[in-house]
Amino acid sequence: MTAALELPPELTIYTVGELHAPWRAWLAALRESSTATADVHAAAVEELDAAGLQLLVALFNGAAQAQVALRLVDASRALLAGCEALGLTPLLGVARDTEGAAA
Amino acid sequence: MSTSAQDTSFIAEALPAFISEANEQIEQLEQLLLQLEDAPGDRELLDALFRCAHTVKGSAGIFGLDRVVAFTHHVETLLDRLRDGALQLTPELSTLLLQSNDQIRALVAAAGGALDDTDEALRVREALVQRLQAASGAGPAGPDVAHAATAIAAPAAGDAGRRWHLSARFGADTFRNGMDPLAIVNYVRGLGSIPRIVCDASAVPPLDAIDPESCHLAFEFGLDTPATRDEIEAAFSFVRDDCALHLIAPGASARDFAALIDAMPDNPRLGDILVAVGAITRVQLNEALQRQAALSDAGAAAPLGEILQARSGVSPQVVDAALQKQKQKKQRDAGASAPGEDNRFIRVQADRLDAVINLLGELVIASAGASMLARQARQGSLIEANQQIGSLVEEIRNGTLQLRMVPIGETFSRFRRVVRDTAAELGKDVLLLVVGAETELDKSVVERIADPLMHLVRNGLDHGLETPAERVAAGKPAQGRLTLSACHESGSILIRIVDDGRGIDRDKVLARAWERGLVEPGTVPPDADILKLIFEPGFSTAEKVTNLSGRGVGMDVVRRNIEALRGSVTIASEAGQGSCIEIRLPLTLAIIDGFLIGVGASKFIFPLDAVVEVIENRPTATALDARGRSIVELRGQTLPVVSLRALYGLDGPEPERCSVVVIKSGAQRYGVRVDTLLGQHQTVIKPLGRMFRSLRGMSGSSILGNGEVALIFDANSLGELAAAAPRGAHQRVGETS
C-alpha cells in the first residue's frame with residue numbers, strides 16, 4: 001500500500017503553492033497502484049487557513065474521482081477547529097477520536 | 001490561530017502605517033463630528049462618519065487589535081442609528097461621540113506600544129461603552145432598514161438569537177487580495193453563534209485541476225445574532241467586491257430562499273445545501289424540484305427560483321428590488337473611497353525627502369561653482385550650457401521644496417475642537433473663523449508652530465474674550481469672535497490671531513512689569529514696548545492661575561519657539577476692542593532666492609522676496625549721521641537708509657558711487673547702502689553656528705560658488721537693528737543688548 005500523506009505544520013496560502021505538486025504526485029501514485037484506501041496524517045498541522053483547507057478539499061475531491069477513499073488520521077486540534085469552522089467535517093470524515101480530541 | 005513568524009514580522013512592519021492611517025481617519029472623524037453639530041441631519045456627513053469608524057474598525061481587525069475593534073464597534077452602532085434616522089443628534093450625544101473618538105485615538109496609540117490597560121483607563125472606557133450603549137438603545141425600535149426591498153422581512157430591534165441565513169461565495173481572487181475566508185467566518189461567528197455551516201465542496205475543483213491560490217469556497221450557514229444587517233455585512237466589507245454575499249433575515253419563509261436560489265442560477269446544488277443547513281426542509285425542496293421537472297417535461301424549463309416564486313405568489317418586483325439593493329450596495333461600497341481621497345496621494349517618509357533636499361542644496365552650490373568657472377573661461381557655449389543647468393536646477397528646487405509644503409488649514413482644523421471644548425468649559429460663546437486655510441508652509445514649520453499657536457489661542461479664549469454677560473454689558477454681541485488667518489507676504493507666511501475681546505490692559509501690564517522689575521518702576525516705555533513685555537519670562541497679569549494659562553510660563557516660550565523658527569511675533573491691542581497677534585515665519589528653511597551684494601571685501605545676501613527695488617549709482621556724498629543713517633528721496637517720498645558699512649563696522653574705503661537696495665519689512669520700507677550689486681543668487685541656507693547666535697540682523701549663511709561665505713540678512717531684524725536706540729559710538733553689532 002502506498003505510504004500515507006503527511007500534512008505539514010503549515011497549511012496556508014503561503015504553502016499551498018508548494019504542496020500542490022507533491023500531493024498530485026501522491027494521488028497519481030495511488031491511482032497507478034489502484035489502491036482503494038489511503039491515510040492522510042494530520043497530527044502536525046498547526047497553522048491553517050482557508051486556502052489550506054481548500055487544498056485539502058481538492059485532494060479529497062480528486063481522490064473521490066479516482067475512487068480512492070481517504071482517511072484523515074490523528075487530526076490536530078488546529079485542523080479540527082478549522083474543519084468545524086468551515087463545515088468541512090462531513091467531507092473530510094474528521095472524527096473526534098479519543099486521541100487528539102479538541103477540548 | 002497562532003501567527004507564524006512571517007505574520008508577526010509583517011504586522012510589525014505594517015503596524016506604523018496602520019496607526020498613521022487610522023489617525024487620519026480619527027482626525028477626519030473629529031472634523032466631521034464638529035461639522036455635524038452645525039448640520040445634524042446631513043446624510044452625507046453621517047455616512048462619511050460611519051465609513052470612518054468602519055474603516056478604523058476593519059483595519060484594526062486585520063491587526064488583531066481587539067480592544068480597538070470592540071470599542072469602535074459601539075461607536076459604529078451609534079453612528080449607524082444616527083444615519084438611519086433612529087436617533088437625533090443632541091449636544092450631549094455629540095460630546096459623547098467626540099469623547100469616544102478620543103478614546104479610539106488613545107486605543108490606537110496604545111496599540112502601537114502594546115500597553116496594558118491601567119485600571120483607570122479601563123474604567124473610563126467601560127463608562128463610555130455604557131453611555132454609548134445606552135444612547136444607541138435609547139432610540140425608538142423600528143424597522144431596521146427602510147429601503148425599497150422588503151422581500152426580506154425586517155427583524156424587530158433588540159431581540160437576541162434571531163437566525164439569519166448567509167450565503168457567501170468567495171471570489172477567485174480572495175486569497176490573492178490577502179483575505180482569509182476562515183478568519184472572516186470566525187469573525188462573523190463572533191457576532192453571535194453559527195449553529196450549522198455547510199461548505200459547497202463540489203465547487204472546489206479536484207486536485208489535478210485546481211489552482212491552489214484561487215479561491216473556490218462557498219458557504220451556507222445560519223447565524224444567531226442580535227446584530228443588524230449592516231453589522232453582518234460589515235464583516236465582509238473587505239471582500240465585498242469579490243464575494244457574492246446574500247443575507248436572508250430572520251423570520252424568512254421558503255419564498256425568500258427562492259429569491260436566493262434564483263439569484264444564483266449557476267449553482268445546481270444550492271437546494272441541497274439549503275436543506276443541509278436547515279434553511280428549508282427537504283419536503284419544500286422536493287416539491288419545488290418536482291414542479292420544475294414537470295415543467296421541463298412540458299417543454300417549458302423554468303429556473304427553480306421562478307417556480308418557487310410562482311407557487312407562493314411572491315411578486316417579481318420584490319425579488320427585483322432585492323437584487324437591485326444588492327447591486328446598489330456593491331456600487332456604493334466600491335465607489336466609496338475613504339474620505340480624504342487617499343488615492344491621490346503617495347505616502348513618503350519625511351527623512352527621505354529631507355535627504356533629497358539636502359542633495360539639492362549641494363547641487364545648487366555645485367552648479368553655481370560650475371557657472372562661475374564657465375564665466376571665467378569665457379566660453380560662450382559653456383556659459384550657456386551652465387545657464388541651462390542652472391535654470392533646471394532652480395525648477396527642481398522649486399518643485400522639491402513644494403513637496404514639503406502642507407496647507408496650514410490642517411493645523412487650524414485641530415483648533416476647532418480646542419475652541420469648542422475650551423469655550424464650553426469657560427462658559428463663553430465663541431465663533432472661530434478661519435481665513436486662508438489653504439496657505440501652505442513647510443511641514444516642519446507647521447509641526448513646530450502648532451503648539452505655540454495652540455497656546456495663543458487658549459490665551460485669547462481665557463483672557464481676551466469675555467463672557468457673554470460681560471460682552472453684552474459692554475455693548476458687544478454676546479458671541480465672541482476669534483479669527484485665525486494665514487497668508488503669504490514678501491517671502492514669509494503671516495499668521496494672525498485676532499479676537500474681539502477686552503484687549504490688553506496696558507496699565508495692568510505696566511504695573512506688573514514694575515512689580516517684577518522688568519521696567520524701572522515709574523518709567524513708562526512707549527506703547528509698543530509695553531505690549532512686548534508680555535513676552536518676558538515669568539510675566540503674567542492673570543490673578544487666577546487657571547488650568548489653561550496664567551502660570552506665566554507661556555508667552556516667553558511661545559516667542560522663543562517662534563524665534564527658533566527664524567520667525568517673529570508681535571502683538572497689537574486696543575483696550576475694549578480686542579487684540580491681534582501677528583506671527584511671521586519664513587516660508588522655507590532650506591533654499592531661497594537671494595540677492596547678492598558686496599560691501600568692501602564681504603558679501604551678503606538679501607532674501608529676494610524682501611527686495612523691492614534697487615537704486616544704482618548714487619553718489620556717496622549724502623551725509624550719514626553717527627550711526628550711518630541718512631535719507632533718500634524716492635518718487636516724492638522719503639526713505640530711511642542705513643549704510644551697512646557703518647552699521648557693521650566693515651573696513652575698506654568707500655567707493656565713489658554706491659547703490660541702495662530698497663527692502664520691505666512688513667508695511668515699512670527702508671534702504672540699505674551697499675558697494676556693489678552682484679545679482680540674483682540661489683541661496684542654500686546654512687544655519688549660523690552657536691557662536692554667531694547673537695549676531696543681529698542675520699538669519700543664516702550661505703556658501704557661494706567660489707567657496708566664499710555670504711551672510712544672509714533678515715529684513716525685519718535688520719530694520720529693527722538700524723532703527724535701534726544708540727548705545728555708544730563704537731557699538732559692535734555682535735553684542736547682545
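The chains referred to below are lettered A, B, ... by the order of the sequence lines, with proteins before strands, and numbering in each begins at 1. Just so we're clear, the structure is a prediction, and the values are computed from it rather than from any experiment.
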Taking all non-hydrogen atoms of both residues into account, name the closest pair between [X] and [Y] and its distance.
| X | Y | value |
| --- | --- | --- |
| P205(B) | A58(A) | O-CB, 3.3 Å |
| P212(B) | L55(A) | CB-CD1, 4.0 Å |
| A50(A) | P181(B) | CB-CD, 3.5 Å |
| V57(A) | A201(B) | CG1-CB, 4.0 Å |

Revision key, fill the gap. Between the CG atom in L182(B) and the OG1 atom in T12(A), the distance rounded to the nearest 0.5 Å is 11.5 Å
Check your understanding: So how far is it from I210(B) CD1 to W23(A) CH2, rounded to the nearest 0.5 Å?
Key ->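 The CD1 atom of I210(B) sits 10.0 Å away from the CH2 atom of W23(A).
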Check your understanding: Around R71(A), counting heavy atoms of other residues, nucleotides and ligands shown, do more than 12 lie under 6.0 Å from its CZ?
Key ->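 Check fails, neighbour count at 12 or below.
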Exercise for review: Can you establish whether the number of heavy atoms outside Q67(A) located under 6.0 Å from its atom CD is more than 12?
Suggested key: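 12 or below, so no.
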Exercise for review: Would you mind checking which part of N186(B) comes under 4.5 Å of any heavy atom in chain A, side chain (CB onward), backbone (N, CA, C, O), both or neither?
Suggested key: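 Looking at N186(B), just its side chain touches chain A.
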Check your understanding: What part of T174(B) gets closer than 4.5 Å to chain A, counting heavy atoms only: side chain, backbone, both or neither?
Key -> neither
Practice item. Name all residues meeting the side chain to side chain donor-acceptor pair (under 3.5 Å) criterion together with T77(B); count only those two or more places apart in sequence or in a different chain, and write none if there are none. Key: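 In terms of side chain to side chain donor-acceptor pair (under 3.5 Å), with neighbours along the sequence ignored, T77(B) is linked to E231(B).
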**Study point:** Set of residues satisfying side chain to side chain donor-acceptor pair (under 3.5 Å) with respect to N177(B), sequence neighbours excluded
**Key:**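 Counting only residues at least two positions away or on another chain, N177(B) forms a side chain to side chain donor-acceptor pair (under 3.5 Å) with D242(B).
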Region of [X] that comes under 4.5 Å of a non-hydrogen atom in chain B:
| X | answer |
| --- | --- |
| A85(A) | both |
| L86(A) | both |
| Q54(A) | both |

Point to revise | Exam field: side chain N61(A) to backbone V204(B), donor-acceptor pair closer than 3.5 Å | key: yes
Check your understanding: So, the side chain of H20(A) versus the backbone of E213(B): is there a donor-acceptor pair under 3.5 Å, distance only?
Key -> no
Review point. Under 4.5 Å between any side-chain heavy atoms of I13(A) and D180(B), yes or no?
Key: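 With C-beta onward as the side chain, the pair stays apart.
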